[in-house]
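Just dropping this structure here.
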Amino acid sequence: MHITSRRKPPVRRLLVAALLVATAPALANSPYSQTVFFGDSLTDAGFFRPLLPASVRPVTGQFTTNPGFVWAQYLAEYYGTSSDPNGNGQTGTNYAVGGARVGVNSTGALGPIPSMATQVNNYLAANSGRADARALYTVWGGANDLFAITNAGAPATLTIDNAVAAQVGIVGTLRNAGAQYILVATVPDLGLTPAFRALGPAAQANGTALSTTYNNQLFTSLAGNGLRVIPLDTFNLLREITADAGAFGFTNITGTACQPQITANSLTCNPTSLVSPDAPNTYLFADGVHPTTRAHSILADYAVSILEAPRQIAALPHATAVIGRARAEQVAAHLAGKPDQDGRRWWVDARADDQRYRSGDLYDGNGPGLTGGVDWARGNMVYGVFAGLGRNTYDFGRRAGDFSQDDRTLGGFAAWYGERAWVNGQLSYSQVSFDVDRDVALGPVTRTHSGSPDGSNLSFGFNAGMDFGSDRFTHGPVIGLLAQRISVDGYNESQPTLSTALGYPEQDFDSLIGSVGWQASFTLGENFAPYLKLTYDREFEDYADQAFARSLTIVGTPEYAVPGLTFDDSYGTAVLGARTRLWGLDANFGIRSTFNQDDGTDAAVFVGFGKRF
């Protein structure tokens, strides 16, 4: 995979000092408490291994190019969870069994084969009938029921009807037991497998038709029963891989990596029975119907992209809220206090923002912002208007793409100054536009799905405080409240015919941050006054429990949900700056950073100028 090296822009070097006051953010936690798998040989992580000779168990036992992983193991590895097999004395969370049908128990050469329905019943029986609401479940099956039609001559319509009904029932059972996040994959295009290719064009067409019928009926039934699942379009993904196999690193998509050709059984396939040492990486299929470990790795990449995309797009309104707060704080602080005399004054403030969440694993962004306005002072009151422009660019973590945010702001400001007390308030509206490039890494191939949603931010801010001390040293308490109402339009990604493309609904995000703290200012000489402000900040609004998206290639599927993003609701903010006179202008410069945040850090370097006119 080609990875472009990006040199850190100058703004990052300017922000080093600001970041020193912040604690280092922790690594991202998995959004799922565990991963639980139900299915057939495509998901089986070693159900039959204890039944094989002990001498070969280290290099056999899974339906792929052993000892490589299947997709479930790669997926669990990504989330830091387990995919250990369950059955034959094993007690893991992967209940999938090679040869399993959806609703019919069967028997194979190595003994009983519990159906997927039985697998789910076994899981619930072991957990007092309850499904962990924070777990990720996968329910992938149907292929063996289609094999029953092609191999054993079972009645096609009845077999598909029964299997679909059983799979819908499984999803309903899990949902009723408390499961929230259930991933359901389509049956891959069986017509593209070596086993069906070897039987000729008619068999290939029949395999494709059976897969299509099953998938359409399954997802139509799920939607018709009001069951929302996380859809995985492996049918079209396999088609896309075979259409451009070389780009994915495959040199052979018709033969099998395991010997003998086509008739090999991947359960016992091992390095000694491979066509060549590199076959697990250059062949698409291990045997007549099972993928190689490289193909499983690509499948896991695809699953991760579907699971993480809604969470990535959910970062857009949060990034907007952080920029909104930075702008509001600079507006609130652009005056040092009550002006010396009535009249007008212009001011302008420039800042360089930096946001870094979960060590950049969620998103990492920076960019400039410019705000300026005009004030009118009369007696104890100051009135003003202001406008602002900003542009920030962000990288999603784990090579998952980037987005940019442009904002344009208009607002009004008012302040009152007493002998010691002061109060100010502001109201503003921002138009926001985004350009999003979501990268999907599928092995060596990187796809980019783009979109350009618009948004808005309506903000109201209130600040107040008291000043004590002398002319040389003043200090006192400060309080603040900032309410933001942020909306981001829904949109469909580019290249909508690809299995990886998604659509997103509109997002509404409310933020209400209360702050309480202390500030102090020292006057050194005639025109230099350093100051420090420390506040404890609390977010009173709850972040969305879930993030949503929808498949663009599995037509008719409703929006699916994944766990939403979480951010610290309590943290601190430090502002260190100085006011002075430069070139005949009032000047204000400094650094600002949040601290004591486990999830990330917001920082800024700022400089402002103003003058009466």
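Residue indices begin at 1 and follow the sequence shown. Side chains are part of it too, since the values below use all heavy atoms of this structure and drop only hydrogens, waters and symmetry mates.
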Worksheet entry | Residues that Asp568 engages under salt bridge (Lys or Arg N to Asp or Glu O under 4.0 Å), provided they are two or more places apart | none
Fill in: Under the ring-ring contact (aromatic ring centres under 6.0 Å, His included) test, residues paired with Phe567 that sit two or more places apart
His318, Tyr357, Tyr543
Worksheet entry | salt bridge (charged side-chain N to carboxylate O under 4.0 Å, His left out) contacts in which one or both residues fall within residues 210-239, not counting sequence neighbours |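 Checked against salt bridge (charged side-chain N to carboxylate O under 4.0 Å, His left out) - neighbours excluded - the pairs reaching residues 210-239 are Asp189-Arg239.
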Worksheet item: Which pairs with one or both residues in residues 54-173 pass disulfide bond (SG atoms under 2.5 Å apart), sequence neighbours excluded?
Response: none
Worksheet entry | Within residues 219-263 or reaching into it, pairs that qualify as disulfide bond (SG atoms under 2.5 Å apart) - sequence neighbours excluded |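 The answer is Cys258-Cys269.
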Fill in: side-chain contact (heavy atoms from CB on, under 4.5 Å) partners of Leu110, counting only residues at least two apart
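Counting only residues at least two positions away or on another chain, Leu110 forms a side-chain contact (heavy atoms from CB on, under 4.5 Å) with Phe48, Leu51, Leu52, Leu267.
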Worksheet entry | Asp437: partners by side-chain contact (heavy atoms from CB on, under 4.5 Å), with sequence neighbours left out | Asp402, Thr448, Ser450
Worksheet item: Any ion pair linking Glu308 and Arg438 (charged N to carboxylate O, less than 4.0 Å)?
Response: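 Between Glu308 and Arg438 there is no salt bridge, as every charged N stays at least 4.0 Å from the carboxylate O atoms.
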Discussion item. According to side chain to side chain donor-acceptor pair (under 3.5 Å), does anything in residues 192-204 pair up with another residue at least two apart or in another chain? List the pairs.
Written reply: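 Of all non-adjacent pairs touching residues 192-204, none passes side chain to side chain donor-acceptor pair (under 3.5 Å).
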Worksheet item: How would you list all residue pairs meeting salt bridge (charged side-chain N to carboxylate O under 4.0 Å, His left out) that involve residues 205-227, not counting sequence neighbours?
Response: none
Worksheet item: Can we call the ring centroids of Phe250 and Tyr283 under 6.0 Å apart?
Response: no
Item to complete: Only counting residues at least two apart or in another chain, list the ones meeting ring-ring contact (aromatic ring centres under 6.0 Å, His included) with Phe285.
Response: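 If we apply the ring-ring contact (aromatic ring centres under 6.0 Å, His included) test to Phe285, skipping adjacent residues, there are no hits.
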Worksheet entry | Under the salt bridge (Lys or Arg N to Asp or Glu O under 4.0 Å) test, residues paired with Arg294 that sit two or more places apart | none
Donor-acceptor contacts under 3.5 Å from residues 555-563 side chains, at least two apart:
unit_1: Thr557; atom_1: OG1; unit_2: Ile554; atom_2: O; d: 2.8
unit_1: Tyr560; atom_1: OH; unit_2: Ile306; atom_2: O; d: 2.6

